Structures are given as C-alpha cells and as structure tokens.
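Take a look at the structure below.
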There are 2 protein chains.
Amino acid sequence: MKSSADRLAWSLQQCIAKKMRMTGARKRILRFLSESRQPVNLEQMGRARGIKGTCDNATLWRTMMSLEEFGIVRRVSLKSKMAHFALATPDEHHDYLVCQDCGTVADLPHTHALDALQEEISKTKGFTFEKHEVEIYGTCPDCQPAKR
Amino acid sequence: MKSSADRLAWSLQQCIAKKMRMTGARKRILRFLSESRQPVNLEQMGRARGIKGTCDNATLWRTMMSLEEFGIVRRVSLKSKMAHFALATPDEHHDYLVCQDCGTVADLPHTHALDALQEEISKTKGFTFEKHEVEIYGTCPDCQPAKR
DNA sequence: GTACCTGCAAAACCTTTGCAGCATC
DNA sequence: GATGCTGCAAAGGTTTTGCAGGTAC
C-alpha cells in the first residue's frame, strides 16, 4: 500500500504530464483523493476539510471528468446512486468488496484466485483485463446474523 | 439455464407468496423480465412490446422497487447512468462481465475459479456470499484492437 | 368494502452545460 | 496575453412522491 504522500506525488506528476493547470482547487481535490482509501462521491468531497467552501460543485465535477479522462482517477459504480471516484494509482488494487446490507466497501486484495478467474474468463469469453475492475457483493462479517 | 416459462412461473409464484396483487401491469412486467436474459433498464422496459403504452413510468418504478424489496428482482449497477434490473431466479448466474468500451454485458458462468475466489475472500475477509453478485469489467473481443 | 395499485403531475435529485470573469502558464 | 479554469445559474435526465381514482382480493 502506497503512502498518501506517494499517491499525491504521483497524481501531481500525472497532471503535469497531461498539461493540466495546477490550480488551488485541483491541488485540494488531489490531496483529498490521495488520503481517501475508499472511493468517494461528490458530496463527500464537497464536505471535506480543505475543500468545503473553496470549490463549486460544477468545478468538482469538471475536475473529476478531466482526471478520469486522463486516467488519473477511476469512476467506480458501487451500486450507488452517486458516482464514486478513486485515485487510479498504478500497482494498487482497484477491486472492491461491497456489503449488500450496509454498503461498506472493503478492498479486495489481488489474489491468485482472482488471476485464475480472469484467466479462465479470457479463455472462455475472450475478454482481456488490462484495466480490469471487479466488484463483488456479499455480506460483511458485521451484517451476518449472529448464529450460534 | 431455465426456460422463460420457468422463470415466469417462479416470479408469479413469488409474488403470490409475498401477497402482491397480481395486476395486469405486473404480469406484463414479469413476462418481459422473464424473457430478458440480460439486465434491462426502465427505458427498455417502457418501450417493450407488451408494456409500451400500458404502464406509466412511475408504476414501472414502484413495481421494480417492490419486486426488489421482496427479492424477486435484483438491481444491477453496470456502471450505467440508469438502473438495470434482472430477475433474481435461484440457481441461475447473477454475475456479469461488462465491456469497459462498448458496455456489452455478457454472462459470467459459474466456474471453479470463482468458487475459489469466494472461498479465499471468505477466509481472509469474513464475507459470506449467499446472495453474491460479481461484476467484472474488462474489454470484450470486439473492442480489442486487432493485433497481428 | 378495504387495501393496495395506477396514472398524472410535479418535486427532488444528481449531473451537465453556458457564459462571463479570473488565474495559470 | 492566450488558454484554460472557476463560479454562478440554469437546463437536462433519472428517480421519487402526492393525490385522486380505480382494481384486485
């Protein structure tokens, strides 16, 4: 797992490489995304310390659209009404385990079983997974009825 | 794979069990869902032969909400702006393979690799998968650049 | 007859766009 | 100084709700 500082540095560097202007709003947004270990939605971003009151909603959106277009963030669905975003740093997991009851999102670490699954899908379906994304919905430990 | 008739019979039976009133609109909706092998959205449902002109959008929505609440249909995210729904018949796959380029949805048949993945997640994360759902995003054969 | 369902209409909500002014390069 | 970014405001599209009337049980 990369540090927030590493993630921030990576995203800033990407923006420069893509010739995006480094404005105050963008720095604040990238800082927040770097520190967010789970996908966040616009409302969370708008309320965040360091962003609140400094950035219009339209700007937030347009910024996220640009960042997504350049591959710096990913849009994650998560069965939510609102769009969620997460930094698209390389060499980090981008797969999610979502509780169908409470909506908690957990990381889905890369495992051998996942590789095997993708390989099997590639063989049978012809799909490729360069920029794959997996969302698995189940029931988290906290939401499982206490059986005994 | 169950026949459409089987799927329809199951859904009708579920509605009866849940004491939902069997109105004309609901029968038409269930028929359409039974015949749909891919998740469908409200717009598709509203345009479908057998539904078009006979059912208000608000009714469609409220019906889907009821059906979802009773576990008769599932809401599927599919990274689409619009909500998609699919019949939640037992003993059928409810996993999807989505193309990140064209949005095509393919079935993800149950494989041993998927079982292995879930087992591994259960062990390491404590998630259970009674009503699991998996969405995997990759690139379908048609959208892969022709390499040679 | 009662409880639930439906259509119509309008509201609520998230997302998108236009435009004039401003900041970055 | 030119280009791209921002805020404000308003439009667009999907989802949600209220209410009066109708339908299944």
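Keep in mind that this is a model prediction, so the values were computed, not measured. Chain letters run A, B, ... following the sequence lines, proteins first, then strands; residues in each count from 1. Any value given below was found using the heavy atoms of this structure, including those in side chains, with hydrogens, waters and symmetry copies removed.
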Please determine, for the side chain of [X], which listed nucleotide ([options]) has the closest atom?
X	options	result
A:Lys81	D:dG7, C:dC8, C:dC13	C:dC13
B:Met82	C:dA9, D:dT14, C:dC14	D:dT14
A:Ala83	D:dT6, C:dT2, C:dT15	C:dT15

Residue mapping more 5' on DNA chain D - nearest nucleotide basis, B:Leu42 or A:Gly24: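 Going by which nucleotide is closer to the 5' end, it is A:Gly24.
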Length of the line joining B:Arg28:CZ and D:dA24:C1', which is rounded to integer Å: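 Value for this atom pair: 14 Å.
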Protein-nucleotide distance (A:Met65, atom CE; D:dT6, atom C1'), rounded to Å: 16 Å
N/O (side chain, [X]) to phosphate O (OP1/OP2, [N]) under 4.0 Å:
X	N	result
B:Thr63	C:dC5	no
A:Arg21	C:dA23	no
A:Thr59	D:dC5	no
A:Thr23	D:dT6	yes
B:Trp61	D:dT16	no

Using modelled atom types and a 3.5 Å cut-off, is there a donor and acceptor pairing between side-chain atoms of [X] and backbone atoms of [Y]?
X	Y	answer
B:Glu120	A:Thr111	no
B:Gln144	B:Thr139	yes
B:Lys79	A:Arg75	yes

Touch class at under 4.0 angstrom, heavy-atom based, for A:Ser66 against every strand present: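 No contact at all - A:Ser66 keeps every heavy atom at 4.0 Å or more from the nucleic acid.
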Sugar-phosphate, base or nothing in reach of A:Arg62, heavy atoms under 4.0 Å: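 It contacts base atoms.
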Flag side-chain contact, heavy atom, 4.5 Å: A:Ile29 against A:Cys55: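 A:Ile29 vs A:Cys55: side chains touch.
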